[in-house]
Amino acid sequence: MGETGERDAPGPPAATGPAEAGTGRLLRPVVLIGLMGAGKSSVGQRLADFLGAPFCDSDNEVERAAGMTIAEIFERYGEADFRAGERKVIQRLLEDRPLVLATGGGAFMNAETRATIAGRAVSVWLRADLDTLVSRTAGRTHRPLLNRGNPREILGRLVEERYPVYAEADCHVDSLRDQSHEAMARRIIAALEAHEGPGGPVLAPAG
Ligand SMILES: Nc1ncnc2c1ncn2[C@@H]1O[C@H](COP(=O)(O)OP(=O)(O)OP(=O)(O)O)[C@@H](O)[C@H]1O
Ligand SMILES: O=C(O)C1=C[C@@H](O)[C@@H](O)[C@H](O)C1
Ligand SMILES: [Mg+2]
């Protein structure tokens, strides 16, 4: 397996991170949404590290439960089965202790999943422009949707279809091309603090 967020094989166990025993500053789950390449997995891990919270990636969890990669699930069982598994995994993960949860790019398009997230978590949309998404996903083959044709055209269509729905997220953070993972994670924390105000339900005061 490559760096966080680049998967070639079924992922690691749930809720990894430095704070296996606790949730640090986090009082309520933070769910990251956005298109493929937005940075949900890689930035999400940094965010969890900063908050001292567990981190989990629903794509990795689906792979772990199925014992095969997402590409294999799509190939053997089809996208609908993957979506059903994804929905169940997210429901389960949000029943447990607070965590930073990176979701698969299509997860928030499911109305039931959106309702679960709205009821139990705070959602953060990592909003990236098309050029950024294309360059970050280029040269990788583990995202089955992007293997079906021209990735720029596919991502462009997904931007049109999904961004109006992603816009329902509680917080919007631009995923900028020239910003490091760490800078992105800090901007997410600032967005959460601005969203909830002092003493809000998501983050305990910084120690
Ligand atoms: N802010 C950033 N700075 C530099 N590289 C980034 C940044 N955000 C993401 N990347 C890189 O872009 C690639 C895709 O990121 P990542 O896997 O985190 O996206 P994702 O939103 O989880 O996508 P998917 O929905 O396909 O799982 C990775 O190589 C990651 O390191
Ligand atoms: O945007 C999507 O629909 C997807 C994104 C990935 O995270 C994976 O969940 C899968 O490849 C599908
Ligand atoms: Mg990811």
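Sequential numbering from 1 along the given sequence is applied to the chain's residues. Ligands are counted one by one from 1 in listed order, and the atoms in each one are counted from 1 as well. Just so it is clear, the values below take in all heavy atoms, side chains as well, and ignore hydrogens, waters and symmetry mates.
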Show me which atoms of ligand 2 lie under 4.0 Å from any heavy atom of [X].
X      : answer
Gly106 : 1 (O), 2 (C), 3 (O)
Met36  : 1 (O), 5 (C)
Gly104 : 7 (O), 9 (O)
Pro144 : 11 (O)
Phe82  : 9 (O)

Is there at least one pair of N or O atoms, one from [X] and one from ligand 2, spaced under 3.5 Å apart?
X      : answer
Asp59  : yes
Leu145 : no
Arg162 : yes
Arg143 : no

May I ask whether Arg83 places a heavy atom under 4.0 Å from ligand 2?
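Per 4.0 Å heavy-atom rule, Arg83 contacts ligand 2.
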Salt bridge or not for Arg83 and Glu86, using N-O below 4.0 Å?
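Counted as a salt bridge, because a side-chain N and a carboxylate O are separated by less than 4.0 Å.
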Under 4.0 Å between a side-chain nitrogen and a carboxylate oxygen: does that hold for Arg28 and Glu196?
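Here Arg28 does not pair with Glu196 in a salt bridge, since their nearest N and O are not under 4.0 Å apart.
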Do side-chain atoms of [X] reach the backbone of [Y] as a donor and acceptor pair under 3.5 angstrom?
X      : Y      : result
Asp174 : Leu176 : no
Ser175 : Ala38  : yes
Arg46  : Glu182 : no

Take Glu95 and Arg92, measure what salt bridge (Lys or Arg N to Asp or Glu O under 4.0 Å) needs, and give me the verdict at the end.
CA-CA 5 Å; Glu95 277 165 14; Arg92 170 172 61 76; over 6 Å; no
When Asp131 is tested against each of Arg177, Arg136, Arg152 for side chain to side chain donor-acceptor pair (under 3.5 Å), which residue passes?
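By the side chain to side chain donor-acceptor pair (under 3.5 Å) criterion, Asp131 pairs with just one of Arg177, Arg136, Arg152: Arg152.
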Assigning hydrophobic clusters by single linkage (Ile, Leu, Val, Met, Phe, Trp, Tyr; side-chain heavy-atom cutoff under 4.5 Å), is Leu94 placed with Leu27?
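They do not share one cluster, since no chain of ILVMFWY contacts under 4.5 Å joins Leu94 to Leu27.
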For the residue pair Thr69 / Glu63, report whether a side-chain donor-acceptor contact shorter than 3.5 Å exists.
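There is no such pair (donor and acceptor under 3.5 Å, judged by atom type) between the side chains of Glu63 and Thr69.
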Enclosure of Glu168 CD (heavy-atom neighbours >12, cutoff 6.0 Å):
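Enclosed: over 12 neighbouring heavy atoms sit under 6.0 Å from CD of Glu168.
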Please work out which of Gly37, Gly34, Gly39 has its closest non-hydrogen atom nearest to atom 23 (O) of ligand 1.
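The option holding the nearest heavy atom is Gly37.
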Which one of Lys40, Arg46, Gln179, Gln45 has a non-hydrogen atom at the shortest distance from atom 3 (N) of ligand 1?
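Minimum heavy-atom distance to atom 3 (N) of ligand 1 goes to Gln179.
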Kindly state whether the ring of Trp125 and the ring of Tyr163 have centres lying under 6.0 angstrom apart.
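Yes, the ring of Trp125 comes within the 6.0 Å limit of the ring of Tyr163, centre to centre.
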Between Met36 and ligand 1, which part of the residue brings a heavy atom under 4.0 Å of the ligand: side chain, backbone, both or neither?
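Met36 to ligand 1: contacts from backbone and side chain alike.
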Determine whether the side chain, the backbone, both or neither of Ser180 has a heavy atom under 4.0 Å from any heavy atom of ligand 1.
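For Ser180, the contact with ligand 1 is made by the backbone alone.
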May I ask you to check whether Ser41 brings an N, O or S atom to under 2.8 Å from the Mg ion (ligand 3)?
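Coordinating: yes.
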Is there a polar contact between ligand 1 and [X], counting only N or O atoms under 3.5 Å apart?
X      : value
Arg177 : no
Ser42  : yes
Ser41  : yes

Minimum heavy-atom separation for Ile188 and Val124, please, with both atom names.
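Nearest heavy atoms, Ile188 then Val124: CG2-CG1, 4.2 Å.
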Asp59: numbered ligand 1 atoms lying under 4.0 Å from its heavy atoms:
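Reading through ligand 1 atom by atom, the close ones are 27 (O).
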Which ligand 1 atoms are under 4.0 Å away from a heavy-atom of Leu35?
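Close to Leu35: 21 (O).
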